[in-house]
Amino acid sequence: MPQAGTRTELVEDLMERFPEVPREAVIKEDLLRGGMAFDESALSGGAGGAGGEVKPKSYFIFSFDHRTLPELGAAALNRPPEEIVLTGGPYELRRTVVSVRVNPDSPYRVGAGEDGTLGLYLDGRRIAEVGLPPMPDYYRHTLANGKSVMEVAPTIQWGYLIYLTVFRVCQYFGAKEECQYCDINHNWRQHKAAGRPYTGVKPVEEVLEALELIDRHDTAGTSKAYTLTGGAITSQVGGKDEADFYGQYAKAIEERFPGRWIGKVVAQALPREDVQRFHDYGVRIYHPNFEVWDQRLFELYCPGKERYVGRAEWHRRILDSAEVFGAANVIPNFVAGVEMAEPFGFTTVDEAIASTQEGLRFFMSHGIVPRFTTWCPEPTTPLGKANPGGAPLEYHIRLLRTYRAALEEFGLSSPPGYGPAGPGKAVFSVSSFMDSLPG
């Protein structure tokens, strides 16, 4: 029996109370909200990242860590893996892909057992076997200018998604504009301070060259989609507004590699004529993220978005974009867990779930299926500093149940561009919503 008050007891209690939520998702959500620690034996090698046998963490947009790089010690010098895959153990876990979020103080630890094989340990007990992502062949090649493919076009979700953060900073800047849970600007600063390559604006030619290497060496065709994203653009970058700046990459990619990957863009909720330009450039899936549903929390947590666009207009634009892309191809994200962040968030799980459910039903009633990322309370953000433990695990487990019920209520299925659904099949690594749906 687990010791009373341990994390094991919490996890097993939730597995028992919510048997309709896959046990894999309970473990995954807890790892995503609270992070994992690594023995040095489980780290991938040099910070440069291309010489070892394990695919290292690329820090593709946010830090997704519970400590800054200077505080991570060995995990900063010898990078942890991009993701891990869990199987087996006492909970008989089906294959579960989990994004790595490093927390040296986590009760979860990845390390080698007596036989040398890696496992995931919770409260000192081995609960799963751990697989590490193999170094892809395309990571071993460099562009003509010496940059690595990992720097220009890293892949996540076990190689399914090419993540193209082509603008590394956000023009919502400072305490009065930055989203209160987002560390994109700090992540840029910490990598530059550490002397790591972290290109601010990625030239179109570099992106195409990196994709050429991926296309050539991904002989199994594992990569299925690309996401174009970066910080919000409130004025211009390189003389282009947001739609034309991000759209230029899609246009170039689709002209060079027609139909090779599903093209997605994460951008602000833009006016319909701008959204039409995205579509004309070749983008097929649009992610105008609504971040948090509650009006008061949106205004507090997303002050830049409230100032420049406003919540009501943001939602109206999301609905308008469905007329351009088709409702199934508009997939706004929200940051699951910030609903309960102190000091402004809901104080009970019941209240937080009711609010989020209202947002899900609003969008799904229009045929739009949101998705979510499990909030990682990064320490340089206002909400992360105030809430180092994140949201209660029960919130995340009940959200999975609520999300699935809303899909069933409106006769909808999992959104396109995320790979297979179902426990043991899903590759989406930054929340468990795909693991929790029927396969």
Side-chain angles (χ1 to χ4, degrees), residues 156-157 160-164 223-229 243 246-247 249-251 253-254 258-293 313-336 356-373 399-423 425-439:
I156 59 173
Q157 298 171 26
Y160 177 90
L161 180 67
I162 305 168
Y163 209 94
L164 302 173
S223 59
K224 304 290 188 187
Y226 66 82
T227 291
L228 287 163
T229 188
Y246 289 112
Y249 294 90
K251 181 175 186 291
I253 292 168
E254 294 305 323
R260 169 63 178 85
W261 297 284
I262 303 167
K264 308 196 283 186
V265 66
V266 180
Q268 297 189 84
L270 297 174
R272 178 170 174 159
E273 56 269 23
D274 291 356
V275 173
Q276 183 65 54
R277 276 187 282 157
F278 276 146
H279 193 272
D280 294 345
Y281 282 133
V283 172
R284 288 298 169 259
I285 294 176
Y286 178 42
H287 299 293
N289 301 338
F290 71 89
E291 314 298 13
V292 64
W293 174 254
E313 177 65 11
W314 196 280
H315 294 171
R316 188 183 70 79
R317 290 178 179 183
I318 291 175
L319 299 185
D320 286 350
S321 67
E323 298 176 11
V324 176
F325 280 92
N329 297 313
V330 176
I331 310 168
N333 184 70
F334 63 98
V335 184
T356 307
Q357 182 183 43
E358 182 181 290
L360 291 174
R361 296 188 75 256
F362 171 81
F363 288 113
M364 290 185 187
S365 69
H366 292 89
I368 293 170
V369 176
R371 52 100 172 185
F372 55 90
T373 301
L399 174 60
L400 293 171
R401 185 178 68 167
T402 300
Y403 183 88
R404 179 169 174 169
L407 280 178
E408 292 172 352
E409 177 185 355
F410 292 101
L412 300 169
S413 58
S414 60
Y418 289 90
K425 301 175 185 177
V427 295
F428 187 68
S429 58
V430 293
S431 85
S432 303
F433 86 92
M434 290 294 285
D435 304 77
S436 303
L437 299 178

Ring pair (Phe, Tyr, Trp, His ring centres under 6.0 Å) filter on Trp314, not counting sequence neighbours, yields none
Measuring from Asn289:CG to Ile331:CD1, what's the distance to the nearest 0.5 Å? 10.5 Å
Main chain of Thr373, side chain of Asn333: is a donor-acceptor contact present, judged purely on distance under 3.5 Å? yes
Under the ring pair (Phe, Tyr, Trp, His ring centres under 6.0 Å) test, residues paired with Phe334 that sit two or more places apart: Phe290, Phe372
For the backbone of Asp320 and the side chain of Arg272, can you confirm whether one donor and one acceptor N or O come within less than 3.5 Å of each other? no
Should the pair Tyr226 and Trp261 be assigned to parallel (<30°), tilted (30 to 60°) or perpendicular (>60°) ring geometry? perpendicular
Looking at OG of Ser321 and CG of Leu270, how far apart are the two atoms once the value is rounded to the nearest 0.5 Å? 9.5 Å
What is the distance from atom CG of Asn329 to atom CZ of Arg284, rounded to the nearest 0.5 Å? 9.0 Å
Are the side chains of Leu319 and Ile368 in touch, meaning some heavy atoms are under 4.5 Å apart? yes
Nearest 0.5 angstrom please: Tyr163 OH to Ile156 CD1, how far? 6.0 Å
Are Arg277 and Asp274 ion-paired here, with the side-chain N under 4.0 Å from a carboxylate O? yes
Got Arg404 and Pro438 here, is their nearest side-chain heavy-atom distance under 4.5 Å? yes
Please check: side-chain N/O of His279 versus main-chain N/O of Val275, any donor-acceptor pairing under 3.5 Å? no
Will you find, in the side chains of Arg401 and Ser436, an N or O donor that is under 3.5 Å from an N or O acceptor? no
What are the two closest non-hydrogen atoms of Leu412 and Val369, and how far apart are they? CD1-CG2, 3.7 Å
To the nearest 0.5 Å, atom CH2 of Trp293 lies from atom CZ of Phe363 at 5.0 Å
Please test Ser223 against Arg260 for side-chain hydrogen bond (donor to acceptor under 3.5 Å, both in side chains), starting from the C-alpha separation and ending with a verdict. CA-CA 9 Å; Ser223 59; Arg260 169 63 178 85; 3.3 Å; yes
So which atom in Pro288 and which in Ala269 form the shortest heavy-atom distance, rounded to 0.1 Å? CB-CA, 3.9 Å
What is the distance from atom OH of Tyr418 to atom CD of Gln157, rounded to the nearest 0.5 Å? 8.0 Å
Taking every heavy atom of Leu399 against every heavy atom of Thr356, the minimum-distance pair comes out as CD1-CG2, 3.7 Å
Heavy-atom check, side chain of Ile318 versus side chain of His366, under 4.5 Å: no
List the steps and the verdict of ring pair (Phe, Tyr, Trp, His ring centres under 6.0 Å) for Phe428 and Phe433. CA-CA 8 Å; Phe428 187 68; Phe433 86 92; 5.2 Å; yes
